[in-house]
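Take a look at the structure below.
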2 protein chains.
Amino acid sequence: MKVTIRDVANHAGVSPATVSRVLNTPELVSEETKQVVQEAIAALGFSPNAIARGLSAQKTDTLGLLVHGLSDMFFSELYVGIEEVARNNGMKVLLFDSHHGLDRAQDGFTFLKQHQVDGIIFTSRPVTVDYDPILSRLGIPVVLTLTQSYGKFPLTAFKVDDVRACFDAVSYLVSRGHRRIGMISGPLDDIIAGAPRFEGYKKGLQHASIPFCEDWKEFGNYRFEHGYLAMSRLLEKQEQNQLTAVFAASDTMAIGAMRCLYDRGLRVPDDISVMGFDNLRIAQMVTPTLTTVAQPIKQIGELAIEYLLQAIQNQNAQIDGGIHYLPHRIVERESVRMIPVNT
Amino acid sequence: MKVTIRDVANHAGVSPATVSRVLNTPELVSEETKQVVQEAIAALGFSPNAIARGLSAQKTDTLGLLVHGLSDMFFSELYVGIEEVARNNGMKVLLFDSHHGLDRAQDGFTFLKQHQVDGIIFTSRPVTVDYDPILSRLGIPVVLTLTQSYGKFPLTAFKVDDVRACFDAVSYLVSRGHRRIGMISGPLDDIIAGAPRFEGYKKGLQHASIPFCEDWKEFGNYRFEHGYLAMSRLLEKQEQNQLTAVFAASDTMAIGAMRCLYDRGLRVPDDISVMGFDNLRIAQMVTPTLTTVAQPIKQIGELAIEYLLQAIQNQNAQIDGGIHYLPHRIVERESVRMIPVNT
DNA sequence: CTGTTAGCGCTTTCAT
DNA sequence: ATGAAAGCGCTAACAG
């Protein structure tokens, strides 16, 4: 029921070391013994114990992925992207989901360290000074994706430029003839997806010489319900505002907003245009399909893992500690209408 | 950078064994040494290596979860449910995603075995004779959720009764005055979510004395696009069919169907009612919100893990090998209309 | 090319 | 109540 490398060695009439060699460095073994050993392996149905291997070799070929709420659609798409890239690089992924909750996020590092992962990918949460103590005694490389470091440890990060992305989103709306553009923002104390996106929005307006109006903004926590609520608050002020478009900091909020509009008898995009951020799969499933900002998740995963692999190799890891911006992209669909120019 | 139990022992002036005891069986250690050791642990920032622990103790407190396409929304919700239950029971979850693909599904067992998980939860895929060889040499308990065994190994399973659930779905539609009810089914060679759901549909019609008509059914692979396509095929025959409702074997197909209807200028539920299966979160995000069949995923996870935990304890595991059916539930929302009785 | 010998970091008898 | 010693299953020098 439990067959070890020793059993295989006995069965094949060689030493455990030899079996280990045909497993890891077959080129160092003669053809014929290799043959015998492989037969023994097959005969006994042996599969090496990854845990023992990890302990002995001091590496597990596993990358730890720290995520915050796998159920958040967004993260599940992120997971899949990263898992695929890792697998293509011969690495496994050990997932830790913090389910939001800061404590558990820190636990995540401990958990992954305990499991001796070779490197860690941390996602979508600002890395503040709170993490400094753990990071200082971690001893394995960490890379950030879709977030950046605000602590004293310079961690290298791969993400889009949120300010820029939202600037572009607003500019897109402007190019479609919109000038009265509202925003459903994330919380401003969220320094990763809240404040920067709001800033990008304001800059976008400014660039188009549109004076920003306090009444044009509402906040939410990125979820559907909050999008709905924020939109209804916006609608209460619609008489003065006369918004023709609303930009939301997440697709789920955008979709919530669309539902709110629907319930109030307003049509998207005919009465009001809506734009999201994330390009989740559901953006294509709702009606109208959602125009949104896409982040190159796959590419980010690729670069992050590439970086990590390198850092693992060069123990002397020259952490560049920089932020690498990747290009976002605006995905045009049905939720934004073109407003004809007044002639 | 790397602190072991030995370092702690030295620092505290005790033996490694004692440190191990305060970690695992504190009741066997005197108050004062416990004190000293805990201080040493804190001082050095020690956290035990889970991998070494697993090797030595021959158990990892980890459950393996075998899933097929985490991106499938459905699985990500399932994962979250199971992870939570596991955590509440002091267990971690090691995820393996087969991304569909049969080979990789079998790999999954090997992978999890290699990582010495204490038990395995296998989801949503029929367990056929193909798995017999691996199962026979696995040596750790396995439980099935949302699927059942068709191989020679009787594996205990927790799921809803798909036939019954679809029977009820159709009955619900009938109770709403529908009699010409179409179905977008999964492939009939899918013995878990395809054939049984279709069978339930037919039985539901039969029970209501509605003669089943071949033209009322179309097939798809559970995805949005296929739902769309299947619906448009149904619409081609609508002149004869005169369907007033369509039941889809998955929420995503149902939503695809709704979009198709929309594109053809038909309104849901006014012109045609649509019903889904799964109760994904998006079912509440689309407009109209989707009436659907919900499976008690959380409860299923709970029972499965409970069972697994028990099987792990009693090495002599009396596998009951039975199928445990859990109650499904119909979630009424906006996509089904009531057809008034003809008077 | 292959076997021997030490561990990897922790748990667990068995003594004391 | 605590320590010494053996070992979990595998890898990695070091010999030969």
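Using modelled atom types and a 3.5 Å distance limit, the side chains of B:Y222 and B:D190 yield a donor-acceptor pair. Side-chain N/O atoms of A:Q114 and B:N49 include no donor and acceptor closer than 3.5 Å. Side chains of B:D97 and A:Y79: a donor-acceptor N/O pair is absent below 3.5 angstrom, by distance only.
Side chain of B:T62 to main chain of B:T60: a donor-acceptor pair is present (N/O by atom type, distance under 3.5 Å, no hydrogens or angles). Checking side-chain atoms of A:S136 against main-chain N and O of A:P133 turns up a donor-acceptor pair under 3.5 Å. Panel note: side chain B:D118, backbone B:L63; no donor-acceptor pair is recorded below 3.5 Å. The backbone N or O of A:T123 lies less than 3.5 Å from a partner atom in the side chain of A:H68, making a donor-acceptor pair. Side-chain atoms of B:D7 come within 3.5 Å of backbone atoms of B:T4 as a donor-acceptor pair (strictly under, hydrogens ignored). B:S98 places no side-chain N or O within 3.5 Å of a backbone atom of B:A105 that could act as its donor or acceptor partner.
In this structure, B:K2 atom NZ and C:dC8 atom P are separated by 10 Å, rounded to whole Å. In this entry the distance linking CG of A:L55 with C1' of C:dG7 reads 10 Å, nearest Å. In this structure, A:E27 atom CD and C:dC1 atom C1' are separated by 12 Å, rounded to whole Å.
Both B:Q58 and B:E32 lie near DNA chain D, and the one whose nearest nucleotide falls closer to the 5' end is B:E32.
For DNA chain D, the outermost nucleotides in 5' to 3' order that have an atom under 4.0 Å from a heavy atom of chain A are D:dG9 to D:dA13.
Recorded end-axis angle for the helix from C:dC1-D:dG16 to C:dT16-D:dA1 stands at 40°, based on five pairs per end and rounded to 10 degrees.
Ionic pairing of A:E83 and A:R87 is present here: one or more N-O contacts between side-chain nitrogen and carboxylate oxygen are shorter than 4.0 angstrom.
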Between N or O atoms, less than 3.5 Å apart, protein on one side and nucleotides 11-15 of chain C on the other: list the pairs.
from   : atom 1 : to    : atom 2 : distance (Å)
C:dT11 : OP1    : B:N24 : OD1    : 3.4
C:dT11 : OP1    : B:N24 : ND2    : 2.9
C:dT11 : OP1    : B:R53 : NH1    : 3.1
C:dT11 : OP2    : B:S20 : OG     : 2.8
C:dT11 : OP2    : B:N24 : ND2    : 3.4
C:dT11 : O4'    : B:S56 : OG     : 2.6

